[in-house]
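Whatever order the structure lists them in is the order used to number ligands and atoms, beginning at 1.
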Amino acid sequence: MTARLVVLVSGSGTNLQALLDACADPAYGAEVVAVGADRDGILGLERAERAGVATFVRRVADFESREAWDAALTEAVASYAPDVVVLAGFMKLVGPAFLASFGGRTVNTHPALSPSFPGMHGPADALAYGVKVTGCTLFVVDAGVDTGAIIAQTAVPVEDDDTAETLHERIKTAERAMLVEAVGRMAREGVVVEGRRVRFGH
Ligand code: GAR
């Protein structure tokens, strides 16, 4: 059985592209059935359209409250009946309605080694702190900011001449490989979450 993925994006969508490319091989075990965004005019949506994948946009500003936006996002995602929801550079926190429907099967990728440097500026915060090793983390989304149970991590070195941008690009190369590998294993083998411990399998 092929796992149905809905991917949510806010930006350039290189992680989405890595998943789209992986899904081209039937042996990968997953397909991207829709791509959603919280804003228009982003490369991530263009990548989906180029791949012939359905898209939708739900902008917070178009709703009277954050709760109404969360309900609308939940409904849009639910209409594609996903097995797994992947937040791939989605720069919004999903809310209670979303977690009630998709908690435990929504994953997010973050450009730092959790629990260090949560939030929107993982690479810049790691650089400012002076760590010599940082990386990326795939986790099961919960109500916190980058706090969920960890599925996979990859370490990435910090170089002396790094800027936040060069470091982020190095992290993103590792992040795409981590995401493709872990989501494929979730699709083919399943995933078990016991408290904070996560393993592939049934
Ligand atoms: C990725 O590095 C992702 O981890 C990060 O945004 C980038 C999106 O790149 N997300 C966060 O920082 C969320 N806290 P992409 O649009 O090219 O996939």
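Here is the list of ligand 1 atoms found below 4.0 Å of a heavy atom in G89: 6 (O), 8 (C), 10 (N). Atoms of ligand 1 lying under 4.0 Å from at least one heavy atom of N15, given by number and element, are 1 (C), 9 (O), 15 (P), 18 (O).
Scanning H110, H121, E175 for the heavy atom closest to atom 3 (C) of ligand 1 points to E175.
Heavy-atom separations between Q17 and ligand 1 are all 4.0 Å or longer. In this structure, M91 is part of the shell of residues with a heavy atom less than 4.0 angstrom from ligand 1. Assignment of T109 to the shell around ligand 1 is supported, since a heavy atom sits closer than 4.0 Å.
Considering backbone and side-chain N/O atoms, G119 comes within less than 3.5 Å of an N/O atom of ligand 1. Any N or O atom pair closer than 3.5 Å counts here, and G13 shares at least one such pair with ligand 1.
The nearest protein atom to atom 9 (O) of ligand 1, hydrogens excluded, is given as K172 NZ, 3.2 Å; this is a heavy-atom distance. H168 NE2, 3.9 Å is the protein heavy atom nearest to atom 7 (C) of ligand 1. Protein heavy atom closest to atom 5 (C) of ligand 1, with residue, atom name and distance, is P111 CD, 3.8 Å.
Side chain to side chain, S114 and D146 fail the donor-acceptor criterion of an N or O pair below 3.5 Å.
By the ring pair (Phe, Tyr, Trp, His ring centres under 6.0 Å) test, Y129 pairs with F117, sequence neighbours left out.
V183 and V180 fall within the same hydrophobic cluster, where Ile, Leu, Val, Met, Phe, Trp and Tyr residues are linked whenever their side-chain heavy atoms come under 4.5 Å apart, directly or through other members.
In terms of modelled atom types and a separation under 3.5 Å, the side chain of T137 and the main chain of A112 share a donor-acceptor contact. With T106 contributing its side chain and G103 its backbone, the two residues share no donor-acceptor pair below 3.5 Å. Here the side chain of R4 pairs no donor or acceptor atom with the backbone of V33 at under 3.5 angstrom.
Checking each of L179, L8, V6 against V86 for a side chain to side chain contact (heavy atoms under 4.5 Å, CB included) leaves exactly one that passes, namely L179.
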Walk me through whether D83 and R105 qualify under side-chain contact (heavy atoms from CB on, under 4.5 Å). CA-CA 7 Å; D83 298 302; R105 55 200 175 104; 5.5 Å; no

